[in-house]
Amino acid sequence: MISRTLVRLIDQAIVPAILLLCTRFISVVMLTYIFGIKFSATPKGFLFSSVQDYIFINSYSTLAMIAVLATGLIYILAKALYFHDTHISPGLTTKLFHHRLATLIQSSFELYSQGAIWLIYLYLISAVAIVLSVFDYIFPWIPVISVVLAGASTLLLIIDVEKELEGIESGYHEEEAPTEVIMENKNELRS
Amino acid sequence: MSYDHKKVDKIGKIVVDSLLLVLLWALLALPASTFSLLKLDTSQDNVLSGQSSQGAPAISPYDESKTVREPASNTDDMTNIVRP
């Protein structure tokens, strides 16, 4: 069971990792090109001669990574809150099947593993951004945005988990009700 | 020689799980590690602090033994140059 969960988490972690790496590289190259910032690409990494340029590029490339993470999390949270197979409305299900978008309907295991991975990435980026802002290597408002986004995403995911638990509870009560009726009928028959 | 297959199976599972955990951590730490890709060219800072990029002391063209700084009388003469 642990192996299955771990394999699932690794499977979900590959795409965002590649996406974030590409975002970092592309954003650094694009920002230096657009703003005409000089840098030298060495085997050790991108070397900047000016402190201001370094802070500028570091901040905005981090912001690009946060934006990618936010987009992914919004997509996952929308799926969790509106298209979750445990609490999706029948009308919406019909509409999705009609428009051939049934792949949007996902199970709790898929949604929560995706959500957990993307949230971990956001928390890790926030932690690194906080450390960098303490040493003035990044603008201080970058970690603020990151932490706010991480907090809001966590809150929304918790709301979905609560919905899920309510669904399980109501399902449990619905299952209990017929047995109670049967028992009452049996008692009536005996009497 | 007989092996306890259940015990071997259990050890194998623990090994596989720990390897999977390491792999997961490596994947999670990968984007955060890109922060070390951007670096500052510190060779200019070293010059300011009196060290050249090769680690040798920077040579001052001024005679620093005097209170009022004046250019050394003969900069070609290495004996006049005071090293910090």
Side-chain angles (χ1 to χ4, degrees), chain A residues 1-25 27-28 32 38-42 44-59 61-62 65 68-69 116-117 120-129 131-132 137-138, chain B residues 1-62 64 69 71 75 81-84:
Chain A
M1 186 60 195
I2 298 168
S3 300
R4 191 184 160 226
T5 314
L6 276 171
V7 168
R8 179 76 197 169
L9 288 173
I10 289 164
D11 186 33
Q12 294 294 339
I14 294 167
V15 173
I18 293 167
L19 207 64
L20 287 169
L21 276 176
C22 291
T23 309
R24 182 76 168 169
F25 277 108
S27 61
V28 167
T32 48
K38 285 178 183 172
F39 73 98
S40 49
T42 59
K44 288 177 182 175
F46 298 103
L47 216 65
F48 292 90
S49 52
S50 158
V51 182
Q52 281 82 18
D53 292 345
Y54 171 77
I55 293 170
F56 178 81
I57 296 292
N58 210 7
S59 302
S61 60
T62 310
M65 286 170 90
V68 166
L69 278 171
I117 288 294
I120 289 168
Y121 276 125
L122 192 55
Y123 275 112
L124 277 173
I125 298 284
S126 306
V128 176
V131 173
L132 286 175
Y137 287 133
I138 207 168
Chain B
M1 201 173 166
S2 62
Y3 294 101
D4 187 356
H5 289 285
K6 278 185 182 177
K7 210 174 180 181
V8 173
D9 194 33
K10 212 174 180 180
I11 293 165
K13 268 185 183 175
I14 292 165
V15 171
V16 169
D17 282 351
S18 47
L19 284 171
L20 286 172
L21 260 176
V22 171
L23 182 62
L24 181 63
W25 175 244
L27 272 171
L28 291 173
L30 196 64
S33 68
T34 56
F35 281 94
S36 61
L37 269 176
L38 303 188
K39 281 171 184 167
L40 252 174
D41 191 1
T42 50
S43 57
Q44 288 182 357
D45 297 342
N46 288 339
V47 170
L48 290 171
S49 65
Q51 293 286 316
S52 71
S53 56
Q54 281 80 31
I59 299 165
S60 170
Y62 296 99
E64 290 182 1
R69 282 189 164 190
T75 46
I81 294 165
V82 178
R83 290 167 193 273

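None of the values given here were measured: they were computed from a predicted structure. Just so it is clear: chains get the letters A, B, ... in the order the sequence lines come, proteins before strands, and each one is counted from 1.
Residue L38(B) comes nearest to F48(A) through the heavy atom pair CD2-CE1, 3.8 Å, listed as atom of the first residue, atom of the second, then distance. Here the shortest heavy-atom pairing between V128(A) and A32(B) reads CG2-CB, 4.0 Å. In terms of heavy atoms, K39(B) sits closest to K44(A) at NZ-O, 3.4 Å. The two residues A17(A) and P31(B) make their nearest non-hydrogen contact at CA-CG, 4.1 Å.
Considering CG of D11(A) and CG of L24(B), their distance stands at 11.0 Å, rounded to 0.5 Å. Between the CD1 atom of I120(A) and the CH2 atom of W25(B) there is a distance of 9.0 Å, given to the nearest 0.5 Å. The CG atom of L21(B) lies 9.5 Å from the CG atom of L9(A); values are rounded to the nearest 0.5 Å. We find the OG-CG distance between S50(A) and L40(B) to be 8.0 Å, quoted to the nearest 0.5 Å. Going from atom CG of L37(B) over to atom OG1 of T42(A) covers 9.5 Å, rounded to the nearest 0.5 Å. With rounding to the nearest 0.5 Å, the separation of CG in L20(A) from OG in S33(B) is 10.5 Å.
With a 4.5 Å cut-off on non-hydrogen atoms, F39(A) does not touch chain B at all. Residue contact with chain B, scored on non-hydrogen atoms closer than 4.5 Å, is absent for S40(A).
Looking at I18(A) and L30(B), their side chains never come closer than 4.5 Å, going by heavy atoms from C-beta outward. Side-chain contact between F35(B) and T62(A): present, with at least one pair of heavy atoms (C-beta onward) separated by less than 4.5 Å.
Within 6.0 Å of the CZ atom in F56(A), the count of heavy atoms belonging to other residues, nucleotides or ligands exceeds 12.
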